[in-house]
J.: 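One structure coming up, written as structure tokens, with questions to follow.
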Amino acid sequence: MSSSTNSFDLIYQVVREIPAGRVTSYGAIAAYLGMKGGARMVGWAMNASHTIADIPAHRVVNRNGVLTGKNFFGGDRMEELLASEGIRVQDDQILAFKSHFWDPSIELL
DNA sequence: ACGGTGACGTCTG
DNA sequence: ACAGACGCCACCG
């Protein structure tokens, strides 16, 4: 329980449920949690997840399919991880992002 | 205790 | 169509 961060834990749960080869957006997670527009907070959770290895934050990108936080992974680590899962990334942008998109409110429903 | 900031998203002009 | 501003919640100084 470590109820230090209620919403944080919720976000981690969702991100952790993201299957390999799939990606989701901050807004999708925020909306799933009921915080529409609180996408910023989701990004913050990812920032904290940076210290946790159980959180595949590299599967979380912005609505444009752009690896906004790849800079935080330490270079192209994020791109390598995604490519390793079969996701093509070019110019910090995921190709066929929509095809790899994973919506928690639908898949996790 | 308060204000500013932050890996975004959506609306309006 | 593009650009700018606002809003959400939590952490840090």
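Within every chain, numbering begins at 1; the chains are lettered A, B, ... in the order of the sequence lines, protein sequences first and strands thereafter. Quantities reported herein were computed from a predicted structural model and do not represent experimental measurements.
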J.: With rounding to the closest Å, how many angstrom separate the P atoms on dA5(C) and dT5(B)?
T.: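 These two P atoms come out 15 Å apart once rounded.
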J.: Using only atom types and a distance under 3.5 Å, with no angle test, would you say the side chain of T24(A) pairs donor to acceptor with the backbone of W102(A)?
T.: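 Judged by distance alone, yes, a pair lies under 3.5 Å.
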J.: Please determine, for the side chain of M35(A), which listed nucleotide (dC9(C), dC11(C), dC8(B)) has the closest atom?
T.: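 Closest of the options to the side chain of M35(A): dC9(C).
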J.: Does the N62(A) side chain pair with the main chain of G65(A), one donor and one acceptor, at a distance under 3.5 Å?
T.: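 Between the backbone of G65(A) and the side chain of N62(A) there is a qualifying donor-acceptor contact (under 3.5 Å).
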J.: Take atom CZ of R77(A) as the centre, draw a 6.0 Å sphere, and report whether it contains more than 12 heavy atoms from other residues, nucleotides or ligands.
T.: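 Open: at most 12 neighbouring heavy atoms sit under 6.0 Å from CZ of R77(A).
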J.: Given atom CD1 of I29(A) and atom P of dC8(C), what is their separation to the nearest angstrom?
T.: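 To the nearest whole Å, that distance equals 20 Å.
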J.: How close or far is atom P of dC9(C) from atom CG of L10(A), stated in whole angstroms?
T.: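 Nearest whole value for this atom pair: 14 Å.
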J.: Applying side-chain hydrogen bond (donor to acceptor under 3.5 Å, both in side chains), name anything that partners D92(A), two or more places apart in sequence or on another chain.
T.: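 Partners of D92(A) by the side-chain hydrogen bond (donor to acceptor under 3.5 Å, both in side chains) criterion, ordered by chain and then number, come out as K70(A).
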J.: Report the residue (N62(A) or W44(A)) whose heavy-atom-nearest nucleotide on DNA chain B is the more 5′ of the two.
T.: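 Of the two residues, W44(A) wins.
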J.: Identify which nucleotide among dA7(B), dC9(C), dC11(C) has an atom closest to any side-chain atom of M41(A), counting heavy atoms from C-beta outward.
T.: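 The answer is dC9(C), which lies nearest to the side chain.
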J.: Please walk me through it: do R59(A) and E85(A) pass salt bridge (Lys or Arg N to Asp or Glu O under 4.0 Å)?
T.: CA-CA 10 Å; R59(A) 290 182 195 148; E85(A) 296 185 354; 2.7 Å; yes
J.: Mind calculating the distance between CZ (F72(A)) and C1' (dC8(B)) to the nearest angstrom?
T.: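 Spelled out: CZ on F72(A) to C1' on dC8(B) is 13 Å.
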J.: Output the rounded distance in Å from CZ (R63(A)) to C1' (dC11(B)).
T.: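 It works out to 15 Å between those atoms.
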J.: Does A57(A) reach a base, just sugar-phosphate, or nothing at all? Heavy atoms under 4.0 Å.
T.: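 Here A57(A) touches the bases of the nucleic acid.
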J.: With P as the reference atom in both, quote the distance from dG3(B) to dG7(C) in angstrom, rounded to an integer.
T.: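 Here dG3(B) and dG7(C) have their P atoms 16 Å from each other.
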J.: For the pair made of NZ in K36(A) and P in dC8(C), what is the distance, rounded to whole Å?
T.: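 Rounding to the nearest Å, NZ of K36(A) and P of dC8(C) are 13 Å apart.
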J.: May I have the distance from I11(A) (atom CD1) to dC8(B) (atom C1'), rounded to whole angstrom?
T.: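 Checked: the CD1 to C1' distance equals 12 Å.
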J.: Return yes if the base of dG9(B) and the side-chain atoms of R40(A) contain a donor-acceptor N/O pair under 3.5 Å, otherwise no.
T.: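 There is none.
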J.: Nearest whole Å is fine: how far is dC11(C) C1' from N47(A) CG?
T.: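 Whole-Å distance recorded here is 9 Å.
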